[in-house]
Amino acid sequence: MKQAIFLLFALIFFGAASCKKESNYGGLNGTWQLVEIYDKSDNKTFIPPASSGNDPALTLSSGKFSGHTLVNSISGGTYSVKPGDLVIFNSYTATSVSEDMWGSMLFTMLNACSLSSSAPCGASTYIVTAGTLEIDTPLRYTFKFVRS
């Protein structure tokens, strides 16, 4: 009987620990495909053109990220999540082929903290709902991704 109770407590503890790890990242873990960019400065919405299967995307995994634009690869990135559904993208490595409009806007999102004129930098807010991720930067863009 004592062994059964111990086993039950161990399962509850490990189950709670694994849930807590995911909750630290606010449901951000996964691969996210860029589907829309809203420009707050002129109230325009942009939808990336259909491509040959290389749509801009980010893969987020417990504080690390990688991804690609239509022409560049992104690797070795880190991000942090702060209370209040805030996310800050930190350092990353990227190839350096000239970007199109979509890639330039995506890199603006990734660099929002370093481009911010306030200190500490203005973090981006995020909302995850029903397979959709929306990231609102303190700069001019709001990004919408879908889980792929």
Side-chain angles (χ1 to χ4, degrees), residues 9-148:
F9 280 117
L11 289 172
I12 290 171
F13 173 77
F14 288 116
S18 66
C19 291
K20 179 130 174 99
K21 185 175 182 182
E22 169 61 24
S23 69
N24 289 342
Y25 295 98
L28 292 172
N29 288 346
T31 299
W32 299 94
Q33 178 182 339
L34 179 63
V35 294
E36 182 180 295
I37 301 170
Y38 174 69
D39 187 337
K40 297 178 272 191
S41 69
D42 60 8
N43 295 322
K44 290 185 180 177
T45 300
F46 302 96
I47 298 173
S51 70
S52 60
N54 197 33
D55 297 318
L58 291 176
T59 299
L60 306 171
S61 178
S62 302
K64 299 184 184 305
F65 74 91
S66 61
H68 58 84
T69 65
L70 293 173
V71 294
N72 283 299
S73 296
I74 303 164
S75 62
T78 62
Y79 69 94
S80 54
V81 174
K82 306 290 183 193
D85 295 332
L86 300 174
V87 62
I88 296 174
F89 291 94
N90 302 307
S91 63
Y92 61 90
T93 303
T95 55
S96 59
V97 177
S98 294
E99 274 299 345
D100 62 2
M101 178 173 87
W102 311 107
S104 295
M105 288 189 240
L106 185 64
F107 280 114
T108 298
M109 180 191 81
L110 296 176
N111 295 315
C113 189
S114 62
L115 295 172
S116 176
S117 60
S118 63
C121 71
S124 299
T125 59
Y126 72 91
I127 299 170
V128 178
T129 53
T132 300
L133 167 62
E134 188 173 293
I135 298 177
D136 185 19
T137 69
L139 303 173
R140 65 188 272 192
Y141 300 118
T142 300
F143 297 81
K144 185 176 183 180
F145 298 84
V146 294
R147 193 178 298 272
S148 56

Looking at [X] and [Y], what are the two nearest heavy atoms and their distance?
X    : Y    : value
L34  : K144 : CD1-O, 3.6 Å
F89  : L110 : CB-O, 3.5 Å
V35  : I47  : O-CG2, 3.7 Å
L106 : F145 : CD1-CZ, 3.9 Å
T69  : G103 : CG2-CA, 3.7 Å
M105 : F143 : O-CZ, 3.0 Å

Taking the side chain as every heavy atom from C-beta outward, state whether [X] and [Y] have any atom pair closer than 4.5 Å.
X    : Y    : result
E134 : Y126 : no
S62  : N29  : yes
P48  : D55  : no
L58  : L133 : no
L28  : V87  : yes

How long is the span from the [atom1] atom in [X] to the [atom2] atom in [Y], to the nearest 0.5 Å?
X    : Y    : atom1 : atom2 : result
Y79  : S61  : OH    : OG    : 6.5 Å
F65  : I74  : CZ    : CD1   : 6.5 Å
T142 : M109 : OG1   : CE    : 11.0 Å
Y92  : S66  : OH    : OG    : 13.5 Å

Derivation and outcome, side-chain contact (heavy atoms from CB on, under 4.5 Å), residues D85 and T125: CA-CA 6 Å; D85 295 332; T125 59; 5.6 Å; no
Backbone of S73 reached by a side-chain donor or acceptor of T95 within 3.5 Å: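 Side chain of T95 to backbone of S73, a donor-acceptor pair under 3.5 Å: yes, one is there.
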Whether K40 side chain and T137 backbone form a donor-acceptor pair below 3.5 Å: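 Such a contact is found between K40 side chain and T137 backbone.
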Check against side chain to side chain donor-acceptor pair (under 3.5 Å), Y38 and N43: CA-CA 7 Å; Y38 174 69; N43 295 322; 2.5 Å; yes
Derivation of the salt bridge (charged side-chain N to carboxylate O under 4.0 Å, His left out) call for D39 and K44: CA-CA 5 Å; D39 187 337; K44 290 185 180 177; over 6 Å; no
